[in-house]
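Down below is the structure, laid out as structure tokens.
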Amino acid sequence: MTGAPMVKAEGVHKSYGAAHILRGIDLEVQNGEVFCLVGPSGSGKSTFLRCINHLERIDGGRLSVDGQLVGYKQKGDKLHELKDSEVAVQRRDIGMVFQRFNLFPHMTALGNVMEAPIQVKGESKAVARERAERLLDRVGLRDKMGNYPSQLSGGQQQRVAIARALAMEPKLMLFDEPTSALDPELVGDVLDVMRDLAESGMTMVVVTHEMGFAREVGDSLVFMDGGVVVESGNPRDVLTNPQHDRTKAFLSKVL
């Protein structure tokens, strides 16, 4: 893991009206790293994740992906927000998987995975289909390619959503609590896919309540509370020997 960090946050702030959600976030995600964000609801984890691909615009600080400012360009000492079309180009390199699967209900699993490369990158159907079939096979859904979302379990829909994000061949994958909407027995299949991705060297930022996954697969872990980074380090160290009282209190409830 060398070179510029894949994600670099410097003093990132975000507010909604009077609510100050992110209060000066500083962190780095290295290339090829699995970076886990944990913390109580409302601590700013998902908001920060959405800022990484400019689904939310930051109010202060700087955020860059692979050495490029996200959502802004610098002229002199001022930052100017990019046009929507320029932001869309940046987003092509960043895959995102949400709690809710957001699949197109009128398209099959195969159609959902083919859609973005055809519409956004202008790929031929043949090329998009070949990749989509390969990705659905990779997430264990070779036999479900012709099924519509309504014919799939939540875990299967989430694996389609992961395949869809991978179809754009991103250099960074963001996961926003990807298993929190699933029945417990379906969680393992999704985590297995994410584990496989991690082993293949994909850079991943994962907001999660799955502490076992963070411990086994994570390279770095950040505990956030109240919009700040309270504690960070090797996941096994932080989870087994937290240094901060707030971290200890949170982990005593979830472990």
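Sequential numbering from 1 along the given sequence is applied to the chain's residues. What you see is a predicted model, and the numbers here were worked out from it, not measured in a lab.
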Judged by atom type as modelled, is there a donor-acceptor pair below 3.5 Å linking the side chain of [X] to the main-chain atoms of [Y]?
X	Y	answer
Lys45	Gly39	yes
Asp176	Ser46	no
His80	Leu82	no
Arg159	Val139	yes
Glu133	Glu130	no
Gln243	Asn241	yes
Asp26	Gly11	yes
Ser64	Leu69	no

So [Y] and [X], do their side chains get closer than 4.5 Å, heavy atoms only?
X	Y	result
Lys121	Val127	no
Leu49	Met96	yes
Met6	Val65	yes
Pro40	Asp225	yes
Glu28	Phe35	no
Thr47	Leu22	yes
Glu81	His54	yes
Phe48	Val229	no

Is [X] linked to [Y] within one hydrophobic cluster, defined over Ile, Leu, Val, Met, Phe, Trp and Tyr using a side-chain heavy-atom separation of less than 4.5 Å?
X	Y	answer
Ile58	Leu174	yes
Leu136	Val97	yes
Leu103	Ile118	yes
Met168	Ile162	no
Phe250	Ile25	no

Sequence neighbours left out, what passes ring pair (Phe, Tyr, Trp, His ring centres under 6.0 Å) with [X]? Give chain and number order.
X	answer
Phe101	none
His209	none
Phe98	none

Does [atom1] belonging to [X] count more than 12 external heavy atoms closer than 6.0 Å?
X	atom1	value
Lys171	NZ	yes
Asp84	CG	no
Arg236	CZ	yes

Practice problem: Over all heavy atoms of both residues, which pair between Arg50 and Asn53 is shortest? Give the atoms and the distance, please. | Solution: O-OD1, 3.0 Å
Self-check item: For Thr247, all residues meeting side-chain hydrogen bond (donor to acceptor under 3.5 Å, both in side chains), sequence neighbours excluded
Solution: Glu231
Exercise. Go through the structure and list residues passing side-chain hydrogen bond (donor to acceptor under 3.5 Å, both in side chains) with Arg92, not counting sequence neighbours.
Key: none
Quiz item: Can Ser200 and Arg138 be counted as having a side-chain donor-acceptor contact under 3.5 angstrom?
Solution: yes
Quiz item: About how many Å separate CG of Asn147 and CG of Leu152, when rounded to the nearest 0.5 Å?
Solution: 5.0 Å
Practice problem: Mind checking the NE2-SG spacing from His13 to Cys51? Nearest 0.5 Å is all I need. | Solution: 12.0 Å
Practice problem: In plain terms, say whether Arg195 and Glu199 are close enough for a salt bridge, that is, a side-chain N and a carboxylate O under 4.0 Å apart. | Solution: no
Self-check item: Counterpart residues, salt bridge (charged side-chain N to carboxylate O under 4.0 Å, His left out), relative to Arg131 (two or more places apart)
Solution: Glu123, Glu169
Self-check item: Criterion side-chain contact (heavy atoms from CB on, under 4.5 Å) against Met173, the qualifying member of Val205, Val206, Val34, Leu166
Solution: Leu166
